[in-house]
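Okay, structure first, notes after.
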Amino acid sequence: MITDMTAIGETGDHVAIRKSEKLYIREEAVHLSDSFSFFVTLELKWWRMKDWNSQIISTINEKLKDTRQSDLRFFRVEEFKRNVERTGTFSGKCPVCTRQKIIINEIVANIDQAIGTPGKLRRDYDRLINKLASHMQKEHGFYTPFHYTYRHSFYGIVLGTITGFLLMMLFSQYNWAYLSGGFSLGLLVGYIRGNQKDRKIREKKMLM
């Protein structure tokens, strides 16, 4: 009798183990299915972003194919196209970029008129390109060429001129020498420091 009860107990344990294994396998299958769906979703999002980028850039090129190169440079069209591509790339994670895509679609639909004719469309285009540039700089770390060179040069001029003026007041016998010296030295130091930071940005390929 004891032997029979032990056999029954062992059979019950085996059944429980098999149930546990089936449950584990089912959970793993669900996990793998969710992971597969996640990666498929990411892939689809990537292709949609890439397709949107291509369509927008193609539309810009088509509408502006007869526009003069001087106008394209003046209205920063190449910069605009680069920021359009970045907007599409970052839109998967950046809600601001996602909203900007709607405005970009509206502007690009009439970009030839915006560049060719003064008026509301041009003002909207100017507002958008500045807004994109500001967002790319603040949120995604892209900078216009010579951004820090100009900024630090300006700061250097201001600080150098103030310092030179104060020295000129203290040592009036040297007249304007301190003022001009402070201006020149401040400009030189600011230029060198700003140029070093701009070079690092170029090396990281983070130019606007």
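All values reported here derive from a predicted model rather than from experimental measurement.
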Find the distance between [atom1] ([X]) and [atom2] ([Y]) and round it off to the nearest 0.5 Å.
X	Y	atom1	atom2	result
Y155	L187	OH	CG	15.0 Å
W52	I57	CH2	CD1	8.0 Å
E139	M136	CD	CE	10.0 Å
D71	I115	CG	CD1	7.5 Å
S153	R193	OG	CZ	12.0 Å
I102	I107	CD1	CD1	13.0 Å

query = Hey, is R82 close enough to E79 for a salt bridge, meaning N to O under 4.0 Å?
reply = no

ask   = With a 4.0 Å cut-off, would you call D126 and R122 a salt bridge?
value = no

request  = Please check if atom OH in Y143 has more than 12 non-hydrogen atoms from other residues, nucleotides or ligands closer than 6.0 Å.
outcome  = yes

request  = Inspect the surroundings of CZ in R68 and state if more than 12 heavy atoms from other residues, nucleotides or ligands are less than 6.0 Å away.
outcome  = no

List the atom of [X], the atom of [Y], and the distance in Å for their closest heavy-atom pair.
X	Y	value
H147	D198	N-OD1, 3.4 Å
I157	F183	CG2-CE1, 3.4 Å
G88	S91	O-OG, 2.8 Å
G194	H152	CA-CD2, 3.7 Å

ask   = Does R86 make a cation-pi contact with F142, if we ask for NZ or CZ under 6.0 Å from the ring centre and within 45° of the axis?
value = yes

ask   = Got M206 and K200 here, is their nearest side-chain heavy-atom distance under 4.5 Å?
value = no

key: Criterion side chain to side chain contact (heavy atoms under 4.5 Å, CB included) against Q100, the qualifying member of L132, V84, N105   = L132

inquiry  = Would Y178 and L166 count as a side chain to side chain contact (heavy atoms under 4.5 Å, CB included) here? Give the steps.
reply    = CA-CA 8 Å; Y178 279 119; L166 293 176; over 6 Å; no

Under a single-linkage definition using a 4.5 Å side-chain heavy-atom cutoff for Ile, Leu, Val, Met, Phe, Trp and Tyr, are [X] and [Y] assigned to the same hydrophobic cluster?
X	Y	value
L64	L121	no
F74	I111	yes
I104	L72	yes
W176	L167	yes
Y150	L207	no

query = Is there a donor-acceptor pair under 3.5 Å between the side chain of S134 and the backbone N or O of K131?
reply = no

query = Ignoring hydrogens and geometry, is there a side-chain-to-backbone donor-acceptor pair from Y125 to F75 under 3.5 Å?
reply = yes

query = Between N83 and R76, is any side-chain donor less than 3.5 angstrom from a side-chain acceptor?
reply = no

request  = Indicate whether any N or O donor in one side chain lies under 3.5 Å from an N or O acceptor in the other, for K81 and N61.
outcome  = yes

task = Apply side chain to side chain contact (heavy atoms under 4.5 Å, CB included) to I103 and R99, showing your working.
result = CA-CA 7 Å; I103 304 174; R99 292 194 297 270; over 6 Å; no

request  = Could you check whether the rings of F90 and H140 sit parallel, tilted or perpendicular, using 30° and 60° as the cut-offs?
outcome  = parallel

